[in-house]
Every structure is written in C-alpha cells, then in structure tokens.
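Both counts, for ligands and for their atoms, begin at 1 and track the order of listing. Since this is a predicted model, take the numbers as computed values, not measurements.
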Amino acid sequence: MSDTPVNGATQAINTEVVIVGAGPCGLFQVFELGLLGISAHVVDSLQHAGGQCAELYPDKPIYDIPALPVCGAQELVDRLLQQIKPFKAQLHLGQEVSEFARADNGRFLIGTAAGTRFDAGAVVIAAGLGSFQPRRIGVEGAEAFEGGAIQYRIRNAARLAGKRLVIFGGGDSALDWTLELAAKAASLELVHRRAEFRAAPASVARMRELVAAGRMRLFEAVPQSLVVEGGALRGVNIRAADGAVSALAADQLLVFFGLHPKLGPIAEWGLALEKKALRVDPEKFQTSVPGVFAVGDINTYPGKKKLILSGFHEAALAAFAIQHHLYPQKKQFLQYTTTSPVMHQRLGVPD
Ligand SMILES: Cc1cc2nc3c(=O)[nH]c(=O)nc-3n(C[C@H](O)[C@H](O)[C@H](O)COP(=O)(O)OP(=O)(O)OC[C@H]3O[C@@H](n4cnc5c(N)ncnc54)[C@H](O)[C@@H]3O)c2cc1C
C-alpha cells in the first residue's frame, strides 16, 4: 500500500472501485471488498487516513467497537490500516475528489483536484461529514493572497527561509511550524487568541524558551486586517482582547486555525440528498445513481445512526451489492473468514 499522492496522472487509472474517503468506514470498505476479491483505490483530501478519528479526536478512547472494550481513535485507524494491508489498496491522500461523471458505458470518471483520474466500475462515497477544509483567516481581502502570501498548509518550507513570518494558531500545526521555522526565518511572530495552547506541552515550553531568548515574539490577539501596499502583502494588523491594535510586518502569513468538514463537491454530483446526507436504501446502501454507493456518516436511511459500527455493517452489505453490480452473472454465497480457503488466500493466511 502506498500513501504517496499520485499527482499529475494523465492516464485515468482503471479500477473496479473508487472509495471517496479514508475514514474508518472507507477503510473497512476496502476490507469487505477485498474479501470478495474486489480491489479499490481510496482517495482522501486529508494527508492521512482516519477521517474524524484521526483529525478530530485521535487520543480519545472509543468504547463501542465490538470486541474491543476500549480503543484509542488513532489506534482504531492503525488497526484498520493493518487489517486492509493484504488487499494492497492504493491510498491517494491530500487530494479532494472534485469531479464525478457517469460515462455512457455505465462506468464512472472520477477526478481529483490534484489531477489524478480514475475510470471505475463502481464508486463508494465514504465521505463522512465532508472533506476537511482549513478554517480561513477571515479578514477582508484575504482571498487575493490565499495560496500565495497567505498559506493554510506548508508545501515547501525551504521557500520560507529568510522571510518575515507571522504564524496564527495555538494547536500542534502552529507550534510545530513555529519551532521548525524560527531559526530559518528573518523574523517570526506567533499570534494566538488566548494564553492557553492546545499543542503538546513540550512544544509550548520550547516556544516560550525561544521567546525568552528573543528569537521570536508571541502575541495574544486575533487578525484584524491586512496591510497591503501596491498590491503586495506587507503585514497584518492584530487586535488584542483590550482592543489595542498592533501592526506586524510580514512577507508571509501562515494560518493554522484547524480544519472543518464541508460537504463540498459531493453536493453537485446529482445524487439525491436529504439534510446534507446521501439517501441510500438500507439493503445495498446504493444512492439514487446505480453503481454509486454510500457508507458511514455521509448516508441516510430510516433509522440511520452515525456510529462507526453502523458504517462497518453498511460496508459489508455494500460490498455484496457492488459485487453484483460489477459481475451480475456471478453467483453470490456467504463464506466465513474462519473456514474459507479462498478468503484465506486473499488474506494471505496459510490454510
Ligand atoms: C469527538 C468525537 C467522538 C466520537 N466518538 C465516537 C464513538 O465513541 N463511537 C462511534 O461509533 N463514533 C464516534 N464518533 C463518530 C465517528 O467518528 C464517525 O461516525 C466516523 O468517523 C464516520 O466515519 P466515516 O468513515 O463515515 O467518515 P469520516 O470519519 O468523517 O471520514 C470521511 C473522510 O472522507 C474525506 N472526504 C470527504 N469528502 C471528500 C472528497 N470530496 N474528496 C476526498 N476526500 C473526502 C474526509 O476528508 C474524511 O477523511 C465520534 C465523533 C467525534 C467528532
């Protein structure tokens, strides 16, 4: 399995199934399809697998996964990744699925914002609450600089060397980048709205040492407005809790206000929606378009509960429906992983 994003592919990747979303349900979908001998590619806009578990509560314990009395959320993701290893599904991370079209031959053409394209026999949407997007800086005129002088994600740290940097945020990303860039930047200022930080205490302590040593400055404030001259960003005005405004000179603003999920492009794909969820039948978990299935938090049907174990059940049934969609002539029968030689072969376990 590779977690390297496949960028710039010109040729569409031909596959049986594309799974949109590498949260717990998308990952378990790989497993259920794999047991039936069906391979899949998985795409996620996040840089890592695990969806909400990894992004929103990695260190929290989960108590309602069958047969695991307690399991950390990241541990669950790690276990799922381990479980799907035999099926060698390729993960395309850091790529939002933005294009979706049904071809005349009934197959699906799926495209990501990074340029990866798929030609798939079936699609499973396991997109949870939607694609995680960075929370934006929220000051007037910011759009013109986003992706340039205002960044929400650092793709090339080397380009920031020798620049005047202002970093916003109080979580791990803000602190990690502060520590990484403090020695390389011409100047570095960290701005956080309150005195307490969400980041690892050791990182916060190290940052405070840098402040004490005069290597960077720390402000308790929020962004107020941009300082722009001749169309170029020159700095940012920040406002403290008492209303005092300070101007910070900057070539580059790095904003780490966290991520929030957004249904995004999925709402435009012509699939029947109900309260921002994809309507499916509770037998196949198929959407209003034959060949397109939805599992996990993204779907809705009578009695739906947004729980991981519900999504696991949905993935199992969807796998059989997908098999029938792809190979309608094939006879279906239930096999147990305990006793099935063919499943043992697929799982790579000796008989
Ligand atoms: C604090 C908290 C505690 C919780 N505790 C529990 C618990 O104890 N037990 C329990 O059962 N559940 C719990 N849940 C709920 C559980 O996390 C969700 O039910 C589960 O994560 C749903 O999994 P999923 O795979 O459907 O979606 P998600 O985990 O939301 O993953 C969906 C993935 O799809 C990706 N995606 C979306 N759109 C696109 C796109 N267009 N292109 C590419 N990628 C896309 C997203 O980036 C995301 O990674 C908790 C949730 C929270 C927030």
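Nearest protein neighbour of atom 39 (C) of ligand 1, counting heavy atoms only, is S131 CB, 3.5 Å. The protein atom (non-hydrogen) at minimum distance from atom 42 (N) of ligand 1 is V97 N, 2.8 Å. Counting protein heavy atoms only, atom 9 (N) of ligand 1 is closest to D64 OD1, 2.9 Å. Protein heavy atom at the shortest distance from atom 11 (O) of ligand 1 is I308 N, 2.8 Å. Of the protein's heavy atoms, G21 CA, 3.2 Å lies nearest to atom 34 (O) of ligand 1. Nearest protein heavy-atom contact of atom 27 (O) of ligand 1 is G128 CA, 3.2 Å. Protein heavy atom in closest approach to atom 43 (C) of ligand 1: S45 N, 3.3 Å.
Looking at ligand 1, you won't find any N or O of E96 less than 3.5 Å from one of its N or O atoms. For a threshold of 3.5 Å applied to N or O pairs, the pair formed by C25 and ligand 1 contains at least one separation below that value. Between D297 and ligand 1, at least one pair of N/O atoms sits closer than 3.5 Å.
Closest of all the heavy-atom pairs between V124 and V295 is CG1-CG2, 3.9 Å.
For I298, no heavy-atom contact with ligand 1 is shorter than 4.0 Å. With a heavy-atom cut-off of 4.0 Å, A126 touches ligand 1 through its backbone alone. Under 4.0 angstrom from ligand 1, the non-hydrogen atoms of D44 come from both its backbone and its side chain. Only the side chain of Y57 comes within contact range of ligand 1, with a heavy atom under 4.0 Å; no backbone atom does. Under 4.0 Å from ligand 1, not a single heavy atom of K60 appears.
Considering only heavy atoms from C-beta on, T112 stays 4.5 Å or farther from H92 through its side chain. Here the side chains of C25 and D297 are not in contact, with every heavy-atom distance at 4.5 Å or above. Between I238 and S246 the shortest side-chain heavy-atom distance falls below 4.5 Å. Between E314 and Q29, the closest side-chain pair of non-hydrogen atoms is not below 4.5 Å. By the 4.5 Å heavy-atom criterion applied to side chains, W177 and L165 are not counted as neighbours. A heavy-atom distance below 4.5 Å is found between the side chains of L210 and L179.
Between the E16 side chain and the A122 main chain, no donor and acceptor come within less than 3.5 Å of each other.
The K306 neighbourhood of ligand 1 comprises atoms 19 (O), with distances under 4.0 Å to a heavy atom of that residue. Against a heavy-atom cut-off of under 4.0 Å, G296 is close to the following atoms of ligand 1: 26 (O). Under a 4.0 Å criterion applied to the non-hydrogen atoms of Q95, ligand 1 contributes the atoms 43 (C). Near L129, with a cut-off below 4.0 Å to any heavy atom, the atoms of ligand 1 are 30 (O). The distance from ligand 1 to the heavy atoms of I62 drops below 4.0 Å at these ligand atoms: 7 (C), 8 (O), 9 (N).
The environment of NZ in K284 is sparse: at most 12 heavy-atom neighbours from other residues, nucleotides or ligands sit within 6.0 Å.
The ring-ring contact (aromatic ring centres under 6.0 Å, His included) test with F285 singles out one residue from Y301, F293, F312, and that residue is Y301. For the side chain to side chain contact (heavy atoms under 4.5 Å, CB included) test with V42, the passing option among V18, I84, L91 is L91; the others fail.
In this structure, P24 has a heavy atom closer than 4.0 Å to ligand 1. Under a 4.0 angstrom heavy-atom cut-off, L46 registers as being in contact with ligand 1.
Side chains of T300 and E274: no donor on one and acceptor on the other come within 3.5 Å.
Taking the six-membered ring where tryptophan is involved, the planes of F100 and W269 are essentially parallel, since the angle between them stays under 30° and well short of 60°.
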Start with the C-alpha distance between D78 and Q74, add both sets of side-chain angles, then the distance that settles side chain to side chain donor-acceptor pair (under 3.5 Å), and finish with yes or no. CA-CA 6 Å; D78 294 341; Q74 183 60 49; 3.0 Å; yes

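Across the listed options G130, G51, G23, G130 owns the non-hydrogen atom lying nearest to atom 46 (C) of ligand 1. Closest heavy-atom approach to atom 28 (P) of ligand 1 among the candidates Q47, H48, Q52: Q52.
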